[in-house]
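Here's the structure, in C-alpha cells; my notes come after.
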Amino acid sequence: MSSKANKKQHKAIRGGISACLARFGDLSSLEQHGFARNRMWSLDRDPSPLPPLDNQSSVDLILKSTEVDLKTPCSFEFRLRISLNAGKLILIPRVRNTANKAFSFSFTLCNYLSVSDISEVRIEGLETLDYFDNLLNRSRFTEQADALTFDGEMDRVYLHSPTKIAIIDHEKKRTFVLQKKGMPDAVVWNPWGKKAKAIPDLGDDDYKIMMCVNSAAIDTPILLKPSEEWMGYQELSTVSSSYCSGQLDPRKVLYGFH
Ligand SMILES: O=P(O)(O)OC[C@H]1O[C@H](O)[C@H](O)[C@@H](O)[C@@H]1O
C-alpha cells in the first residue's frame, strides 16, 4: 500500500487490489477506472451458483447497481469472492446483467505488487505479445524483449496474454505468479518518479517499490445479454525463489516444464 494512501470512503485506496468495472482508461468513463472501486460493498449471503463458503478465510461481497449512483448506464449485480490460502490469494469476480437489454463493459483487477527495487524486477510471459502503449496515445507495438524490465514510466495493455505471468523480484528472491481466466489482457503500470510526484496519494519514492500487473478484459469488452453472468478468475501466489539463484527456471513457473 502507498505510504500516502487515503483511506477515506468513496475513494479507492492506492494499494492492494482494486476491481475496476468500466470502460477502463476511457476518457468517456464516468469515473477513472469506473465506480465499483469507489463504493462500499455488502456481504453477499447468496453467492449462488458458486458453492457456499466452507472455510473462514473466504468472503463473498456484492455491489448492486441500485447501490451505485443513477449515472450508472446499466443494471447489474457485481459479486466478488475472495479466498486466502497459504501463499495464495484467489479472486473470483462475477457480473450479472439484471436489465432487460444487453450491455458491455471492460474489467480489470488492478494488482499493486510490492517489490524490493523496480529496477531489479523482470516480468516473464509477455514477450512477443502485441500491446497498446497508453503513454503513446494507445499506439500498438509488439514486445521485442525476452522479458520486461523497467527503466522509466510504463503504462501498457498487453493483448491476449498467457494464463500465467511471472513477476520475478531478484533482490527479494521472490516470484509472484499471476494466473487468470476470463481476462485475456494484462496491464503493466509504473508511474516512475515524475508522475509519482504528481499523484497525491502516492509517496514520491513509492514507485521504486511497487508496480501494477493487472488482469484485464479491455481490448474486447465483455458483452452480457439480459440475465447472463460473466465470471473471471485470478490467482496470485508467491514462489520463494529467484531466477538469479538458478534454483527456479521461470519457464517452469510459466509452462510447467520439467
Ligand atoms: O490513479 P489511478 O486511477 O488508480 O490509475 C493508476 C493507473 O492504473 C493503471 O494501471 C493504468 O493503466 C494507468 O493509466 C493509471 O494511471
Side-chain angles (χ1 to χ4, degrees), residues 1-41 63 68-69 71 80 91 93 105-115 118 121 123 125-126 129-141 143 148-161 165 167 176 178 180 183-222 232 234 236:
M1 189 184 303
S2 153
S3 60
K4 286 199 195 161
N6 177 349
K7 294 180 194 151
K8 283 187 198 139
Q9 269 193 26
H10 310 302
K11 173 97 179 66
I13 295 171
R14 183 150 321 265
I17 302 178
S18 48
C20 304
L21 174 68
R23 283 296 310 158
F24 186 91
D26 181 336
L27 293 177
S28 68
S29 165
L30 298 167
E31 293 170 41
Q32 159 88 336
H33 296 176
F35 39 78
R37 68 174 184 168
N38 298 326
R39 296 297 184 275
M40 286 302 283
W41 292 53
L63 180 71
V68 176
D69 51 60
K71 285 183 266 171
L80 188 62
L91 271 74
F105 59 97
S106 56
F107 185 80
T108 304
L109 286 174
C110 210
N111 302 303
Y112 281 82
L113 303 177
S114 159
V115 293
I118 187 69
V121 171
I123 303 181
L126 303 176
L129 298 184
D130 277 9
Y131 65 89
F132 291 124
D133 193 331
N134 285 336
L135 302 178
L136 293 171
N137 264 332
R138 287 177 54 84
S139 305
R140 191 171 177 136
F141 299 94
E143 184 57 64
L148 206 60
T149 53
F150 296 80
D151 59 5
E153 184 182 358
M154 190 178 291
D155 188 356
R156 298 178 182 172
V157 181
Y158 284 86
L159 307 177
H160 309 291
S161 66
I165 298 168
I167 300 107
F176 287 104
L178 177 68
K180 56 193 182 67
M183 295 174 274
D185 307 320
V187 179
V188 180
W189 179 63
N190 182 288
W192 219 251
K194 194 170 163 213
K195 192 162 277 176
K197 286 197 176 77
I199 300 177
D201 56 351
L202 191 66
D204 288 359
D205 285 332
D206 283 353
Y207 78 94
K208 294 178 182 166
I209 51 164
M210 59 74 64
M211 62 186 304
C212 288
V213 181
N214 308 336
S215 304
I218 294 177
D219 191 34
T220 307
I222 299 157
Q234 174 181 287
L236 198 53

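Please read all numbers here as calculations on a predicted model, not as lab measurements. Each ligand, and each atom within it, is numbered from 1 in the order the structure gives. These values consider heavy atoms only, across backbone and side chains, with no hydrogens, waters or symmetry-generated copies.
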Taken in chain and number order and not counting sequence neighbours, the residues that satisfy side-chain hydrogen bond (donor to acceptor under 3.5 Å, both in side chains) with Y131 are none

Those atoms of ligand 1 less than 4.0 Å from some heavy atom in D155: 11 (C), 12 (O), 13 (C), 14 (O)

Rounded to the nearest 0.5 Å, how far apart are CD1 of I123 and CD1 of I165? 7.5 Å

Side chain, backbone, both or neither: which applies to R37 and ligand 1 if a contact is any heavy-atom pair less than 4.0 Å apart? side chain

Of all the atoms in ligand 1, which lie at a distance below 4.0 Å from a heavy atom belonging to V187? 10 (O), 12 (O)

Salt bridge (charged side-chain N to carboxylate O under 4.0 Å, His left out) partners for K195, two or more places apart: E153

Any donor-acceptor pair under 3.5 Å linking the side chain of K180 with the backbone of D185? yes

Run the side chain to side chain contact (heavy atoms under 4.5 Å, CB included) test on L126 and R156 for me, step by step, so that the C-alpha distance in whole Å, both residues' side-chain angles and the decisive distance to 0.1 Å come before the verdict. CA-CA 11 Å; L126 303 176; R156 298 178 182 172; over 6 Å; no

Per-atom contacts of ligand 1 with N214, taking only distances under 4.0 Å to non-hydrogen atoms: 10 (O)

Per-atom contacts of ligand 1 with R14, taking only distances under 4.0 Å to non-hydrogen atoms: 1 (O), 2 (P), 4 (O), 6 (C)

